[in-house]
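Below is one structure, written out as structure tokens, with a few remarks after it.
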Amino acid sequence: MLQFSLKRLFQSILVLIVMSFLLFVLIGLMPGDPIDNMFEGNPSLTPELMARMRELYGFDQPLSLRYWHWFSAAVQGDLGYSTMYFRPVMAVLAPAVLQTAKLLGLTLLFSVPLALLLGSLAARRPNGVLDSAIGIFSFAAISLPNFWVSLLFIILFSVTLGWLPASGVPMSNDASFLEEAQHLVLPVAVLVMFHVGPLIRYVRAAMIETLSADFVRTARAKGLDERAVIVRHALRNALIPMVTVLALSFGHLFSGALVIETIFGMLGMGKMIFDAIANTDFNLALIGLLLAITVVLVSNLVADLCYALLDPRITL
Amino acid sequence: MGFVANTLRLNAEAQTAPLLSVDDLTVSFPTKGGGHNAVVTGLSYQIAQSETLGVVGESGCGKTMTSLSLMGLVPGRGRVTGRIGFEGRDLLQQSEKQWRDLRGREVAMIFQEPMTAMNPVMSVGQQIAEVLKVHEGLGQRDSLDRAIDLLKAVGIPSPAQRARDFPHQLSGGMRQRAMIAMALACRPKLLVADEPTTALDVTIQAQILDLIIELQEETGMAVQFITHNLAVVSELAHKILVMYAGRGVEYATSEQLFDQPLHPYTQGLIQTLPDPDRKVDRLHVIHGSLRVQPAQGCRFASRCPLASDECRAAEPILREVAPGHFVACVKVN
Ligand SMILES: Nc1ncnc2c1ncn2[C@@H]1O[C@H](COP(=O)(O)OP(=O)(O)OP(=O)(O)O)[C@@H](O)[C@H]1O
Ligand code: SF4
Ligand SMILES: [Mg+2]
């Protein structure tokens, strides 16, 4: 287990280095560079001056050398400067990561148990009344665009009913915990709905299959009550295929978070990466994208570890 | 006064009445067209304490559905009618709670596929301990200790280690032994064994059969042993019920059935047994298929060498043709 984790960690670092190089080259190939950006619309700048600026910042050097400079600084913790915010990348990044972590963490906290509950309930009597009701809900959650649901929620809960604030973050910087929580309710609710729709369908399918398995019949033949049969025997087994689905859904969830963050005015990772690319903020975009890749790598590693934890037939 | 007399009569009845008495059992599933398709029809048989009934018939004739009815576990929308008398009460009138109390405690079942019948993510010991927790209210430690004792009793070497193993770490034979340990945990009065040896190779088969016989002698439980293999049943059954297409076609003691099989289907089955005394170079086969059934009359008519118009007129039902020997065939007197 430990050996496996270390091996995977090593692999992940390797992947990150390769990806950082590829991203560096890709961004480097984009038309325009930070010097263009810095002085765009400034007619008094002569080409000679621009060339000197490029030389000064090292933009005249070949890409591979520039990458090496960036890399050696990055491993020492210097991620460079954001040209958009005029602050170190680290200082821009940290609050955005925290914001997104809050949003995604809270979403997962609700969406996974909800999907397990609704999926299992639906599987108990396929095509029954409850299954149909849950089916309608999950198909609605899958097919309604999340920006539309966001707006609907804002109109209903903020404008009409006035129960909740329409923005995802409090205005003042020293808001109380409760205030912050209130602001998070709507974005988390929309994101939970976005995430839970397909998950319910997967849980339902996995549960229907598991409930017809021989060992479930054995569990019933022992005289266990229905709850023990479902929770201790069926759900435990149905969870195994769910691990992959969950890990894969993470990328989807991330893309959903981008939309939600934009609508609810939250400065999260998604919005940050989007703005950085739009404004050719080279350093920020690169780190943001690498961070997104790290999240995917880590979620895959966690998925593999969960497999081993859930299924004794798998040894790592 | 009447109450005392009644109680006395009931007591006397309980002593003589068989442990299990199945009457006119029918299992049917709704069909797409809105009708019902009976997979077991009007089945009746008894099993006394310490007795073994062998149920024989080819694949799909309804053996498993019959056993599952005894546990109240017929799947899906299956409907069970008739009467299942067990110790004087009718199981089909029970509440779900009463069924749960019965399952695993008074009636236990072992299944055909030891490979899939155990939960792959729960240790073998835990799976056995679970029965004791539910029915005897034992705690974690006590139930696991008992599980280890049970594993030992069914002949599993180093039971304490095996109890910690997961099903995939055990061989097929060991797994079936563990299933037997699980079934016998609460000393059930009736063990329903649904083809417990079919998935095992021949030497392991013999070991498992010996184990069941041995455990039965020890505990005095009744056994309903289901198989499609007459040779297996001849080794341990006192009585045999031969099923064809959901119906009982012959029901007799083991001796009667092997000495004097009366139903043409039973005769065919016995001829299919390899017999070292009989010098034939080809095994006998019963031609045709269970699927091809005439609309009315004897269900075996399309495959029966003796079939005539008489057979197709009305469906023959089980009649007692000799003491304790029942057969459903119009040609038998
Ligand atoms: N859930 C179900 N719905 C409808 N029909 C079913 C269902 N399960 C089983 N059947 C039908 O019931 C009939 C009897 O099946 P059963 O499993 O009792 O046969 P069996 O004698 O145990 O056969 P085998 O030797 O193959 O185990 C079969 O024709 C089968 O198609
Ligand atoms: S009733 Fe007729 S067809 Fe049926 S088993 Fe007897 S002889 Fe054969
Ligand atoms: Mg069967």
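Proteins come first, then strands; the chains are lettered A, B, ... in the order of their sequence lines, and each starts at number 1.
- With a threshold of 4.5 angstrom between heavy atoms, B/Met115 does not approach chain A through any atom at all.
- The parts of B/Ala117 that come within reach of chain A are both its backbone and its side chain, each placing non-hydrogen atoms under 4.5 angstrom from that chain.
- Contact annotation for A/Ile240: only side-chain heavy atoms (C-beta onward) come within less than 4.5 Å of a heavy atom of chain B.
- Sorted by first and then second residue, the salt bridge (Lys or Arg N to Asp or Glu O under 4.0 Å) pairs with a member in residues 237-250 of chain A form an empty list; sequence neighbours excluded.
- Nearest heavy-atom pair across A/Gly223 and B/Val134 is O-CG1, 3.7 Å.
- Contact of A/Ala213 with chain B is not made at all, since no heavy-atom distance falls under 4.5 Å.
- Using a 4.5 Å cut-off between heavy atoms, B/Leu102 does not touch chain A at all.
- Residues that satisfy the side-chain contact (heavy atoms from CB on, under 4.5 Å) test with A/Phe147, not counting sequence neighbours, are A/Pro145, A/Val259, A/Ile263.
- A/Val185 pairs by the side-chain contact (heavy atoms from CB on, under 4.5 Å) definition with A/Leu164, not counting sequence neighbours.
- Contact count versus chain A (heavy atoms, under 4.5 Å) is highest, among B/Ala183, B/Gly104, B/Pro120, B/Gly76, for B/Pro120.
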For chain B and chain A, give me every donor-acceptor pair shorter than 3.5 Å, distances to one decimal.
| unit_1 | atom_1 | unit_2 | atom_2 | d |
| --- | --- | --- | --- | --- |
| B/Gly104 | N | A/Ala221 | O | 3.1 |
| B/Thr116 | O | A/Phe215 | N | 3.2 |
| B/Thr116 | OG1 | A/Asp214 | OD2 | 2.7 |
| B/Ala117 | O | A/Thr218 | OG1 | 2.6 |
| B/Asn119 | OD1 | A/Asn237 | ND2 | 2.8 |
| B/Asn119 | ND2 | A/His233 | ND1 | 2.9 |
| B/Gln127 | O | A/Lys222 | NZ | 2.8 |
| B/Glu130 | OE1 | A/Lys222 | NZ | 2.7 |
| B/Glu130 | OE1 | A/His233 | NE2 | 2.9 |
| B/Glu130 | OE2 | A/Arg232 | NH1 | 2.8 |
| B/Glu130 | OE2 | A/His233 | NE2 | 2.9 |
| B/His135 | NE2 | A/Lys222 | O | 2.7 |

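- If you measure heavy-atom distances from B/Met118 to chain A, the contacts under 4.5 Å come from the backbone alone.
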